[in-house]
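Because the structure is predicted, anything quoted here is derived from the model rather than measured.
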Amino acid sequence: MNDDAVFMRRAIAVARVNLGKTRPNPVVGCVLVKDGVVLAEAATGEGGRPHAEEQVLAAAGDAARGATAFVTLEPCGARSSGAPSCAERLALSGAARVVIACEDPSPFASGQGIERLTAAGVPFETGLLADEAAALSQGFVHRMTTGRPLVAESDDGDGFDGPFEPHPGEDLETALQRLGAEGWNQLWVRRAGELAARLRAQGVLA
């Protein structure tokens with residue numbers, strides 16, 4: 001395994017700690033490395049802020065110049081708050097290279113992060129360990145593309161945003177659309193339960 005894969009796998013592990021805690025944002029892991037030494041590492045904060053890249057750059061300070069950032073999901077190219085995006089922050093930090101596992105379908109990324117890095121002349125690569133990293137953001141990607149949270153069976157809900165709980169009398173599709181609009185990415189139902197059977201019958205159980 002080459003060093004890039006080692007550091008990306010570390011970023012994935014860092015992110016996994018906060019899986020299910022960052023809605024409406026996806027959980028992202030970022031590891032900042034210089035001369036083979038990890039300068040800083042972070043995952044998206046609980047509730048979706050601060051972003052992982054923002055945290056590692058703040059922790060590294062001036063040492064970020066010339067470093068490589070390993071990020072599990074494309075850095076945002078715009079922020080809903082109007083603050084500098086993660087792609088802008090990486091460029092301004094003087095990072096020498098950005099290695100990205102997966103592209104982000106969010107309207108605040110969706111190629112914009114890569115475009116900003118390109119415009120700033122920051123070399124980047126995409127696709128490293130993409131299949132492994134994709135598991136971190138599968139619920140978010142599902143919500144971005146369908147408008148509904150991903151719902152899957154689980155024994156304990158570990159790593160999920162919460163349980164899938166329709167309101168009394170609410171049909172499943174209405175509940176899914178409502179929960180998607182509320183920013184829920186990945187919800188769970190008990191294995192072999194009534195809800196799981198109903199969702200499976202409608203073809204919406206992962």
Side-chain angles (χ1 to χ4, degrees), residues 5 8-30 42-52 70-76 79-80 86 100-113 126-206:
M8 183 61 78
R9 192 154 280 134
R10 181 163 176 164
I12 291 169
V14 168
R16 196 171 286 124
V17 174
N18 273 2
L19 185 61
K21 302 175 183 177
T22 63
R23 80 167 186 96
N25 291 342
V27 66
V28 177
C30 182
T44 308
E46 295 188 16
R49 295 282 191 276
H51 288 192
F70 294 86
V71 193
T72 59
L73 194 66
E74 177 187 352
C76 63
R79 296 284 287 271
S80 58
C86 289
I100 302 163
C102 302
E103 295 184 24
D104 182 352
S106 162
F108 296 106
S110 193
Q112 293 183 64
T126 61
L128 179 63
L129 300 184
D131 289 345
E132 291 183 36
L136 297 168
S137 56
Q138 62 180 350
F140 175 77
V141 170
H142 185 81
R143 182 170 67 84
M144 288 293 103
T145 54
T146 69
R148 304 187 305 263
L150 184 75
V151 183
E153 293 175 292
S154 174
D155 292 325
D156 56 13
D158 184 44
F160 289 79
D161 296 349
F164 174 60
E165 296 177 330
H167 292 327
E170 186 177 36
D171 67 81
L172 296 182
E173 182 59 28
T174 299
L176 289 166
Q177 292 293 337
R178 172 180 58 80
L179 291 163
E182 292 174 2
W184 297 90
N185 294 319
Q186 186 161 302
L187 301 174
W188 68 284
V189 292
R190 293 203 175 275
R191 295 186 191 280
E194 178 193 356
L195 267 179
R198 290 170 59 198
L199 290 162
R200 184 177 289 108
Q202 291 195 14
V204 291
L205 185 68

Quick one: list whatever passes side chain to side chain contact (heavy atoms under 4.5 Å, CB included) with [X], sequence neighbours left out.
{"X": "Arg16", "result": "Ile12, Leu136"}
{"X": "Asp156", "result": "Ser154, Asp158"}
{"X": "Asn25", "result": "Arg49, His51"}
{"X": "Thr126", "result": "Ile100, Glu103, Ile114, Phe124"}

Can you give each donor-acceptor pair under 3.5 Å made by side-chain atoms of residues 162-170, sequence neighbours left out, with the distance rounded to 0.1 Å?
from   : atom 1 : to     : atom 2 : distance (Å)
Glu170 : OE1    : His167 : N      : 2.8
Glu170 : OE1    : Arg178 : NH2    : 3.0
Glu170 : OE2    : Arg178 : NE     : 2.9

Non-neighbouring partners of [X] that pass side-chain hydrogen bond (donor to acceptor under 3.5 Å, both in side chains), sequence neighbours left out:
{"X": "Arg190", "answer": "none"}
{"X": "Glu46", "answer": "none"}
{"X": "Arg143", "answer": "Asn185"}

Quick check: does any side chain N or O of [X] sit under 3.5 Å from a backbone N or O of [Y], one acting as donor and the other as acceptor?
{"X": "Asp161", "Y": "Leu187", "result": "no"}
{"X": "Thr44", "Y": "Val27", "result": "no"}
{"X": "Asn18", "Y": "Lys21", "result": "no"}

Checklist entry - Residues in salt bridge (Lys or Arg N to Asp or Glu O under 4.0 Å) with Glu132, at least two apart? => result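 Partners of Glu132 by the salt bridge (Lys or Arg N to Asp or Glu O under 4.0 Å) criterion, ordered by chain and then number, come out as Arg9.
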Checklist entry - Which residues pass the salt bridge (Lys or Arg N to Asp or Glu O under 4.0 Å) test with Glu194, sequence neighbours left out? => result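 None.
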Item to check | Point-to-point distance, once rounded to the nearest 0.5 Å, from CG of Leu73 to OG of Ser137 | outcome: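 Nearest 0.5 Å value for the CG-OG distance: 5.0 Å.
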Checklist entry - In Å, rounded to the nearest 0.5 Å, how long is the span from CZ of Phe70 to CE of Met8? => result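 One finds 7.0 Å between CZ of Phe70 and CE of Met8.
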Listing, residues 197-206 side-chain donor-acceptor contacts under 3.5 Å, not counting sequence neighbours, or none:
from   : atom 1 : to     : atom 2 : distance (Å)
Arg200 : NH2    : Glu153 : OE1    : 2.9
Arg200 : NH2    : Glu153 : OE2    : 3.4

Find out whether [X] and [Y] are in side-chain contact, i.e. whether some heavy atom of one side chain is under 4.5 Å from a heavy atom of the other.
{"X": "Gln186", "Y": "Arg23", "answer": "no"}
{"X": "Leu176", "Y": "Pro149", "answer": "yes"}
{"X": "Leu150", "Y": "Gln138", "answer": "yes"}

Checklist entry - Please walk me through it: do Leu195 and Leu172 pass side chain to side chain contact (heavy atoms under 4.5 Å, CB included)? => result CA-CA 9 Å; Leu195 267 179; Leu172 296 182; 4.0 Å; yes
